[in-house]
2 protein chains.
Amino acid sequence: MARAPRAADAAYARIRALIAGGELAPGAPLREEELAALCGVSRTPVREALMRLEQDYLVRRTDGQRSYVADWSLDDIAEMFALRAMLEGHAAARAATRITPEGLEALRRLNARLASAVAAGDTEGFLAANRAFHDTVLGAAQSPRLAAMIGGLVEQPVVRRTAVRYGARELGQSHAEHEALIEAFARGDAGWAESVMAGHIRRAFHAFADASRAAPARSPDGSAPARAPRS
Amino acid sequence: MARAPRAADAAYARIRALIAGGELAPGAPLREEELAALCGVSRTPVREALMRLEQDYLVRRTDGQRSYVADWSLDDIAEMFALRAMLEGHAAARAATRITPEGLEALRRLNARLASAVAAGDTEGFLAANRAFHDTVLGAAQSPRLAAMIGGLVEQPVVRRTAVRYGARELGQSHAEHEALIEAFARGDAGWAESVMAGHIRRAFHAFADASRAAPARSPDGSAPARAPRS
DNA sequence: GCCGATCCTAATGTATACAAAACGCCGGCG
DNA sequence: CGCCGGCGTTTTGTATACATTAGGATCGGC
């Protein structure tokens, strides 16, 4: 239950969804007034939303403070995955020595759910379970700053595209890696947990990169993505 | 030349300085109107400043959106240093294979300046050179996201307090570690660079922790620090 | 024909007024 | 005596109007 239905939160969610859904193509300019009209709020909450989206690297601002939808090059994405591998690996290491029996049980349950989703070919179910799994690990790491950093980094659109392009075998591999992680946690082996997690993320990157090479740029309307001016 | 003397930037800098300087004690409530009056601007830029300070972990917001000066426990600081060690270590590894001869030369120059400052007992000079050195390494890593993360983490007040309490020998040790880093860069040895940097940061943490134990809490006016309500 | 300066337009930055919500207080009740 | 609920004050959230500045187009000069 969202306690506060703030306009700023609504605007944030809406704009984020527009970007994730591709309605706002990478490089497209974001005018505050236009977005305000789109969200049915004034510019003030839109400004807050844009600042938050900038934190998430979904929006880029030029020196003149104009906003554009961020366009991620494959290099950018590689960098992002590398950072995630390091950070989530670290989180897993911390979690290995801090996780409670309840947390461990939750992970087992979530991974079972993930397995069912894979078996049923349910991509949304997979994404939900996968996200919950990673969030649980992050919570067990008990490091708010680490969680915030990873949260800002996890480009939901990218994760989604990766999963959508995963084959059944690759999805199954995720399940197996999660199982290994659970085993490492059960034994309190921080080094193992870190290695498994880092490898898990890096494999996801290569799956994404392979898929990208097969089907590079895509825009809902088929038009060429707009380019933003100077960095 | 600051290109844009924006009120929001001014407010950010001013409030940040007030927190760093201790005029605003940890846990103290931050009312937007009061800060606006203090900075001679309206609430709008203050709001932006507070959001940025929250990113820097200098300000905490309750669920009710009220703002307080963040109070860092020693555990929090330990966590921060651990993250810094990991991130800056990673940055050093990247820099080792990317740094240009000019960058290397700049590091040598900066570390020489740092040595002079140490010899002269010039703490401010040390801080400036030290910061420039680390920024240069960060730049050479060519990872904007990594730079942003570390930037948000480097608690200037903490770094300052650490340096102020450093003895001459410890300051000299920083110089020596920087030299080792330069050597690792010159040889393009990413693993070495990472190890040196991580150790460098972790040593700084222990220096800080030792100093903190010797002289724990201090408030300019000597009053007990205010406590903020629920987390 | 190309480059540059200047003006114009359009977007953002700031200030203020109003609305809504949260916190704390006070009184009443168990 | 302690706890719970309602009410007033205070603080933040939102909307809007105005100021300022960046970007782009146009016109003139070379």
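Computed over heavy atoms, backbone and side chain alike; hydrogens, waters and symmetry mates excluded. Protein chains get the first letters and strands the later ones, always in sequence-line order, with residue 1 at the start of each.
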Inter-residue atom distance B/L146.CG - A/L153.CG, 0.5 Å rounding: 10.0 Å

Minimum heavy-atom separation for A/V41 to A/A7, with atom names? CG1-CB, 3.7 Å

When the distance from CE of B/M51 to C1' of C/dG13 is rounded to whole Å, what number comes out? 13 Å

In this structure, how many angstroms lie between the P atom of C/dG13 and the CZ atom of B/R52, rounded? 11 Å

Would you say a side-chain N or O of A/R31 is under 4.0 Å from OP1 or OP2 of C/dA11? yes

Whole angstrom is fine here: how far is it from CD in A/E48 over to P in D/dT12? 13 Å

Please report, rounded to the nearest Å, how far the P atom of D/dT9 is from the CD atom of B/E33. 16 Å

Rounded interatomic separation in angstrom, taking OH from A/Y12 and P from D/dT14: 16 Å

Spacing between A/R47 atom CZ and C/dA15 atom C1', to the nearest angstrom: 12 Å

Rounded distance in Å - CD (A/E32) to C1' (D/dA17): 15 Å

Picking from D/dT12, C/dA11, C/dA15, which would you name as closest to the side chain of B/R66? D/dT12

Which is true for A/L30 with a 4.0 Å heavy-atom rule: it touches a base, it touches only sugar-phosphate, or it touches nothing? sugar-phosphate

A/R43 CZ to D/dA17 C1', straight-line distance once rounded to whole Å: 10 Å

Show the numbers, then the answer: is there a ring pair (Phe, Tyr, Trp, His ring centres under 6.0 Å) between A/H200 and A/H134? CA-CA 11 Å; A/H200 179 53; A/H134 282 261; 5.3 Å; yes

Under 4.0 Å between a side-chain nitrogen and a carboxylate oxygen: does that hold for A/R52 and A/D9? yes

Whether A/S42 contacts D/dA15 is assessed here as follows: a side-chain N or O lying under 4.0 Å from the phosphate OP1 or OP2. Is that the case? yes

Determine: side-chain N/O of A/Q65 to OP1/OP2 of C/dG13, distance under 4.0 Å, yes or no. yes

